[in-house]
Amino acid sequence: MKSKYKQRFFWGILLAFIWQLTAVSGIFSELIFPGLDQISIVLFKSLQDGTLIKQIAFSLSVIAQGLFLATIMALLFALTAYFSSTAAGLIDTLTALAHPLPGIALMPLILIWFGSGRMAILIVIIHSVLWPLSLNLSTGFNSIPDIYTLIAKNYRLNKFEFMYKILIPASLPYFISGLKIAWARSWRALISAEMLFGAINSLGGLGWYIFQRRVFFDLPGVFAGIIVIIMIGIVVEDFIFAKLENKTVKKWGA
Amino acid sequence: MSSYLELKNINKSFETEKEKKIVLADINLKIRENEFLTILGPSGCGKSTLLKIIAGFSKTDGGKLLKKGKAIKEAGMDRLMLFQDFEQLFPWQKVINNVEFAVKQAAKNKKLKLSSVQIKERALKYLKQVKLRDYQNYYPHQLSGGMKQRVALARTLAAEAEIMLMDEPFGSVDSQTRQELQQLLVQLWQEENRTIIFVTHDIREAVFLSQRIVVMKNEPGQIINIVENKLPYLRKRSSRNFNHLFEELQSQLHS
Ligand SMILES: Nc1ncnc2c1ncn2[C@@H]1O[C@H](COP(=O)(O)OP(=O)(O)O)[C@@H](O)[C@H]1O
Ligand SMILES: [Mg+2]
């Protein structure tokens, strides 16, 4: 585990070094291939004056809201499908139709129906997350050992008790891996939606920020945005999800 | 003598694609209150199926299941099943919480209100009975198979069921641990009055444990004999009478 970070650190430094060498060598124009020094200056400045922080906060709050809503909906879908085979048929059909559809294909339609505000981005996020997450949850629910349902019968758990005492904890590994997929997909969907939908009162999120920097041909700014996106991705996947797994499925011996 | 639990003409068959397989044919059995009964038979003779019917997990094709004269229709906490499968514990809960689960459900079933301290006290009492008090904060995956079965036993005891149904609960542990568990079970049964119906294909296990042994045969599953086992507890596996009964049962099973 530790050596993974050591390796990443080593290769990261090496790649940065090569980058910087290429930049100072003058093979490419400074305008299209800025050095790390320029990029860091822009990054720190825009973090300091709040312009970038504002966009980060916007993106993170939209994705948190979208993930939260989509998780609730996915739980409802998967639970309904688990307890009713009629509903299961409907939800299965909906999922089969919607799951293969990339969120980006829906964006023109969403623009027309919902405009380009926060609501539109939320819908893109929910679409990108809801289907894979409810599929994962359903798989999790359907693969709990039969013995648990017998125990539930034997100890006379009602549906509600069965749900929170057995069904959900027993399928938590599936839930977490579903959340990881959900995060990855919604993060991508968010950045593209922000680029397409633009901003209201200059608040459009990280995707919009990068897009806008490009308009001004501010490549260090573009790279600053990209670095922030990478950093957030690493923090969420390597720290938040790792911690969640250590506190649950790893501790339970999965 | 009035019977406590009564099985009358129980029949059960399973339909597969091609054929209808009769698994239990005309099972009649009277079980006494607080007795230790084993059901002994070769693998596949329908022992688990029979126990699941008594538990109320599966329906019969015909026949009656009566407790104190009243028909049993569904599963309930008066008849608790202990399985062979180590997976019967909840891996997401510590040992103590696994046992508390049963205490809580039992209290709820009896409409009793217990404080969290009382719940823990009761759970600890049963963990102590199976000699695992020191392991209360372990997760199931940190325990050996034998210890897992002891936790499962504690959970079943903690539910304070009148009848305990045991489906080869010690079938997957090594023989030394199995003997320890058998001894523990006899001891616990003697301390507190309970009816135990214990399924096994191990003749020595049946002789060691029970007061009566129901002998079953295969194809279709039928009761061929019911043997009283009057050997005094705690039984010695090396004694002459023990081995005499063992041989008698062996010849019946192989006839
Ligand atoms: N759900 C089921 N569907 C079809 N056949 C079953 C089912 N459960 C048990 N059987 C069959 O019934 C027979 C008895 O099984 P079981 O009660 O598990 O035997 P035992 O516990 O004595 O080994 C076996 O032949 C088994 O294949
Ligand atoms: Mg069996």
Side-chain angles (χ1 to χ4, degrees), chain A residues 1 71 74-75 78-79 82-83 85 133 136-180 240-254, chain B residues 48 51-59 72-95 97-111 137-143 148 152 155-156 158-161 163-167 169:
Chain A
M1 206 51 216
T71 305
L75 264 173
L79 285 171
Y82 184 81
F83 288 116
S85 56
L133 192 54
N136 245 51
L137 278 175
S138 281
T139 313
F141 290 169
N142 289 321
S143 57
I144 69 165
D146 285 340
I147 205 166
Y148 292 163
T149 41
L150 291 182
I151 289 170
K153 263 191 196 172
N154 213 169
Y155 286 82
R156 300 200 64 83
L157 270 65
N158 58 38
K159 275 207 168 73
F160 186 65
E161 287 172 320
F162 175 65
M163 205 180 76
Y164 79 90
K165 288 192 175 182
I166 293 182
L167 197 58
I168 292 180
S171 53
L172 207 72
Y174 288 87
F175 188 33
I176 291 179
S177 69
L179 272 183
K180 280 174 153 175
I240 298 183
F241 278 120
K243 191 149 212 173
L244 189 61
E245 283 180 332
N246 287 337
K247 284 215 151 156
T248 55
V249 288
K250 289 251 168 69
K251 199 158 82 182
W252 307 339
Chain B
S48 295
L51 214 55
K52 279 185 178 160
I53 287 171
I54 299 175
F57 295 157
S58 57
K59 297 250 175 301
I72 290 177
K73 293 212 174 61
E74 50 179 11
M77 282 194 77
D78 57 330
R79 289 152 284 136
L80 266 197
M81 180 83 102
L82 181 64
F83 301 88
Q84 179 177 357
D85 197 337
F86 295 153
E87 272 196 54
Q88 65 192 301
L89 295 178
F90 300 140
W92 58 88
Q93 289 184 331
K94 289 178 182 172
V95 163
N97 301 114
N98 264 287
V99 182
E100 283 185 0
F101 166 81
V103 177
K104 286 182 200 162
Q105 289 306 123
K108 201 186 134 228
N109 229 33
K110 292 179 199 150
K111 304 205 161 46
N137 288 320
Y138 280 55
Y139 280 92
H141 79 100
Q142 298 169 309
L143 306 178
K148 281 182 195 163
R155 178 169 81 182
T156 318
E160 293 175 348
I163 304 168
M164 301 217 292
L165 308 172
M166 307 198 171
D167 193 355

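Every chain is numbered from 1 and lettered A, B, ... according to where its sequence line falls, protein lines coming before strand lines.
- A:Asn154 contributes no side-chain N or O that, together with a main-chain N or O of B:Met77, makes up a donor-acceptor pair within less than 3.5 Å.
- Atom OH of A:Tyr155 and atom CG of B:Asn109 lie 11.5 Å apart (nearest 0.5 Å).
- For B:Tyr138, the OH atom counts as loosely surrounded, since its 6.0 Å shell holds 12 or fewer non-hydrogen atoms of other residues, nucleotides or ligands.
- If you take CD on A:Glu161 and NZ on B:Lys104, they are separated by 10.5 Å, rounding to the nearest 0.5 Å.
- Here B:Lys52 contributes atom NZ and A:Leu150 contributes atom CG; the two are 6.0 Å apart, rounded to the nearest 0.5 Å.
- One distance of note links CZ of A:Arg156 with NZ of B:Lys108; it measures 9.0 Å at 0.5 Å rounding.
- For B:Leu89, the part lying near chain A is the backbone, with the side chain staying farther off; criterion is any non-hydrogen pair under 4.5 Å.
- Summarising the local packing, NZ of A:Lys243 is surrounded by 12 or fewer heavy atoms from other residues, nucleotides or ligands at distances under 6.0 Å.
- Taking the side chain as every heavy atom from C-beta outward, B:Phe57 and A:Asp146 never approach each other to under 4.5 Å.
- With rounding to the nearest 0.5 Å, the separation of NZ in A:Lys251 from NZ in B:Lys94 is 6.5 Å.
- With a threshold of 4.5 angstrom between heavy atoms, A:Leu157 approaches chain B through its backbone and through its side chain.
- For B:Trp92 and A:Tyr148, the gap between ring centers is short of 6.0 Å.
- A:Ile151 CD1 to B:Glu87 CD: the interatomic distance, rounded to the nearest 0.5 Å, is 9.5 Å.
- When B:Ala55, B:Ala102, B:Ala161 are compared by the number of non-hydrogen pairs under 4.5 Å with chain A, B:Ala102 comes out ahead.
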